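First comes the structure, then the notes that go with it.
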Amino acid sequence: MGDLLAYRALFGAQARSVLMYRTSFLVELLGNMGATVFDVITVVVLFRAAPQVGGFTLAEAVLTVGLSSAGFALADMLVGNVDRLKVYVRAGTLDAVLVRPLPALPQLLLMDLPLRKALRVVFGFVVLGGALAINDIDWTPARIALVAVTPLAAAAFFGSIFVISATMAFWWVESGEIGAAFTYGGRDFTSYPITVYGPWFRGLFAYTLGFAFVAYQPALALLGRADPLGLPAVAGYLSPLVALPAVIIAAGVWRTGIRHYRSTGS
C-alpha cells in the first residue's frame with residue numbers, strides 16, 4: 001500500500017508540473033498527435049497510387065495501421081520516456097533513484113510520464129475504431145476478444161523493446177540511434193502489410209523478432225483472410241503469447257543492466 005501511495009505522489013507531482021503551464025501543454029498535446037496522424041496519411045497516400053498494395057486494400061491496410069498505432073502510442077506514452085535513461089546515467093540522476101526504497105523502473109517511468117502524448121493514444125484508437133467500421137468483419141466472441149487484447153499486447157511488445165533498447169545505456173550511453181531503429185522503426189514496419197517487404201527482411205523482423213504478430217496477423221484474423229504467406233489462422237491470435245516472452249526478456253535485460261551499473265559517485 002505504501003508503494004502505491006508513493007507512486008501516486010510521483011504521478012501527481014508530474015501531472016501538476018505539466019498542467020502548471022497549460023498553454024504549453026496544449027501545444028505539445030496537439031503537436032505530439034502529429035506523428036500518428038502522419039503514419040495514417042502515409043498509408044493513404046501510398047494507396048492513391050494503386051488500388052491494392054501487397055494484396056491488401058486501403059481499408060484492410062488501415063486496420064493494420066490502426067492496430068499498430070494504438071499499441072505503439074500506448075507504449076510510447078507509458079514506457080517511451082525510459083529512453084531518457086542515458087541522460088540519467090550521464091548526469092548521475094539514477095543514483096538518487098536507486099537509493100529510494102522503490103523499484104527503479106517504475107520510478108523512472110513516473111519521473112517524466114509524457115502526458116503530452118495522450119492525444120496520440122486517443123487518435124490511434126480512433127483510427128482503429130474507424131478501420132473496424134469500414135471493414136466487413138464477421139464478429140464472433142473470439143474476434144471481439146482479439147480487438148480488446150491486441151492493442152494491449154502490442155503495447156507490451158513495444159514497451160519491452162523500449163526497455164531493452166534503453167537498458168543498453170548501462171554499457172553504451174550513446175546507444176539511442178540503435179534503439180530507435182527497433183522502436184520507431186518497428187512501428188513503421190508494423191504499419192504496413194508485411195507482404196510488401198522482401199523475404200529476408202520479412203523473415204528477420206516479422207517472424208524472428210515477432211513484429212508480424214503486433215498488427216498484421218491479428219488484422220488477418222479479424223478480416224477472416226488466409227495468410228498469403230501460409231501461416232495457419234491461429235497465428236492471428238498469438239499476439240499475447242509473443243508479447244509475454246518479450247516482457248520476460250526485457251525484465252531480464254533490465255535486471256542485468258541494473259546489476260552492471262556502477263554509481264557515478266554523485
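Only a predicted model underlies this, so the values are computations on that prediction, with no experimental measurement involved. Residue numbers start at 1 and run along the sequence shown.
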| field | side-chain contact (heavy atoms from CB on, under 4.5 Å) partners of R225, counting only residues at least two apart | value | F56, E60, L220, L223, P228
| query | Which atom pair, heavy atoms only, marks the closest approach of T64 to A219? | reply | OG1-CB, 3.7 Å
| request: Give the minimum heavy-atom separation between V147 and P151, together with the two atoms involved. | output: O-CD, 3.0 Å
| Interatomic spacing from CG in L222 to OH in Y237 - rounded to 0.5 Å | 7.0 Å
| query | For the atom pair CG (L244) and OG (S160), what is the distance rounded to the nearest 0.5 Å? | reply | 9.0 Å
| Which residues pass the ring pair (Phe, Tyr, Trp, His ring centres under 6.0 Å) test with F72, sequence neighbours left out? | F158, F162, Y184
Below 3.5 Å, can you tabulate the donor-acceptor pairs from side chains in residues 203-215 to any protein atom, sequence neighbours excluded?
unit_1, atom_1, unit_2, atom_2, d
T208, OG1, G203, O, 2.9

| note | Residue pairs passing the salt bridge (Lys or Arg N to Asp or Glu O under 4.0 Å) test with at least one member in residues 236-259, sequence neighbours excluded, are none
| field | Heavy atoms of other groups near W200 CH2, more than 12 under 6.0 Å | value | no
| message | Once salt bridge (Lys or Arg N to Asp or Glu O under 4.0 Å) is applied, do any residues pair with R143, and if so which ones, sequence neighbours excluded? | response | none
| message | My understanding is that a hydrophobic cluster links ILVMFWY residues whose side chain heavy atoms are under 4.5 Å apart, including indirect links. Using that, what else belongs to the cluster containing V253? | response | I164, I249
| Side-chain donor-acceptor pair under 3.5 Å between Y88 and D95, yes or no? | no
